[in-house]
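There's a structure below that I have some questions on.
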Amino acid sequence: EDQVTQSPEALRLQEGESSSLNCSYTVSGLRGLFWYRQDPGKGPEFLFTLYSAGEEKEKERLKATLTKKESFLHITAPKPEDSATYLCAVQASSNTGKLIFGQGTTLQVKP
Amino acid sequence: EAQVTQNPRYLITVTGKKLTVTCSQNMNHEYMSWYRQDPGLGLRQIYYSMNVEVTDKGDVPEGYKVSRKEKRNFPLILESPSPNQTSLYFCASSPRVRDEKLFFGSGTQLSVL
């Protein structure tokens, strides 16, 4: 069964304190792994797509990496505006219409 | 402005009273999908549509119906709502089914009493 697990559930950081969020996945043939950001009261907003192990993508203070079993979202020197819930999702090659999300990691960055 | 529009934003109803949540996108996207979001369970896919007149079940389709008669609209129908369908619902779309980037609506908070 295809599955996505994110850890930790919640993370509190001081401004400038770098850390990583984890997304472990089990899927029968990965077509793509996606990261989204969700602010309270809003729909998720796309951040990255990763397609193959070893791939990395960066956007401002965020960097996403991918291995054959997991993905990391590294946050370097975070700011309070980075506070949000970060969602990971996978798409299997066998059924590209389905997207399986993890439970999310809620990040709070204190000034 | 390119967007996915859901209505209503908030809805309180009673068990068994049929309701429809509308979803419309103005980007000419082929792919549309519905999700529900519950605390501790994350986003779970209800139904998706790869194009007009083509729909398929996601992971939690029980108690829901959808239709895709036009490219821009993808309504979610609850024929006989029950309290366990109380949730936050999101509609999303993308240009093609294999596209990476989903555009989400702002959500519909449904409470079934």
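The sequence lines fix the lettering, A, B, ..., with proteins before strands; numbering per chain opens at 1.
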Counting the benzene-type ring for Trp, do A:Tyr36 and B:Phe104 have ring centres under 6.0 Å apart?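 That pair passes the under 6.0 Å test.
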
Measure A:Leu47 against the heavy atoms of chain B and call it side chain, backbone, both or neither at under 4.5 Å.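 The answer is neither part of A:Leu47.
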
Give the table of side-chain donor-acceptor pairs shorter than 3.5 Å for residues 52-59 of chain B, with sequence neighbours excluded, one pair per line with atom names and distance.
unit_1	atom_1	unit_2	atom_2	d
B:Asp59	OD1	A:Lys98	NZ	2.8

May I ask you to name which of B:Arg44, B:Gln45, B:Gln6 has the most heavy-atom pairs under 4.5 Å with chain A?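 Top option by heavy-atom pairs under 4.5 Å: B:Gln45.
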
Evaluate the side-chain proximity of A:Leu99 to B:Ser33: yes if any heavy-atom separation is below 4.5 Å, no if none is.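 No, too far: nothing below the 4.5 Å cut-off.
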
Please say yes or no: joined through hydrophobic side-chain contacts below 4.5 Å, possibly via intermediate residues, are A:Leu33 and A:Phe46 part of one cluster?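 No, it is not one cluster - the side chains of A:Leu33 and A:Phe46 are not joined through contacts under 4.5 Å.
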
Please say whether more than 12 non-hydrogen atoms of neighbouring residues, nucleotides or ligands are located less than 6.0 Å from CD1 in B:Ile77.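 More than 12 heavy atoms, drawn from other residues, nucleotides or ligands, come within 6.0 Å of this atom.
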
For chain B, find which of A:Pro44, A:Gly102, A:Gly32 contributes the most heavy-atom pairs closer than 4.5 angstrom.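 Greatest number of close heavy-atom pairs with chain B: A:Pro44.
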
A:Arg61: partners by salt bridge (charged side-chain N to carboxylate O under 4.0 Å, His left out), with sequence neighbours left out: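 Once residues adjacent in sequence are excluded, the partners of A:Arg61 under the salt bridge (charged side-chain N to carboxylate O under 4.0 Å, His left out) criterion are A:Asp82.
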
So does B:Gln3 have more than 12 non-hydrogen atoms from other groups sitting under 6.0 Å from CD?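 Buried by this count: over 12 neighbours within 6.0 Å.
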
Within a reach of under 6.0 Å around CD of A:Glu45, are more than 12 heavy atoms found that belong to other residues, nucleotides or ligands?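 Counting other residues, nucleotides and ligands, CD of A:Glu45 stays at 12 neighbours or fewer.
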
Could you go step by step and tell me if A:Phe101 and B:Tyr35 meet the side chain to side chain contact (heavy atoms under 4.5 Å, CB included) rule? CA-CA 10 Å; A:Phe101 281 84; B:Tyr35 299 85; 3.7 Å; yes

Between A:Gln38 and chain B, with a heavy-atom cut-off of 4.5 Å, which part of the residue counts as in contact: side chain, backbone, both or neither?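 Only the side chain of A:Gln38 comes within 4.5 Å of chain B.
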
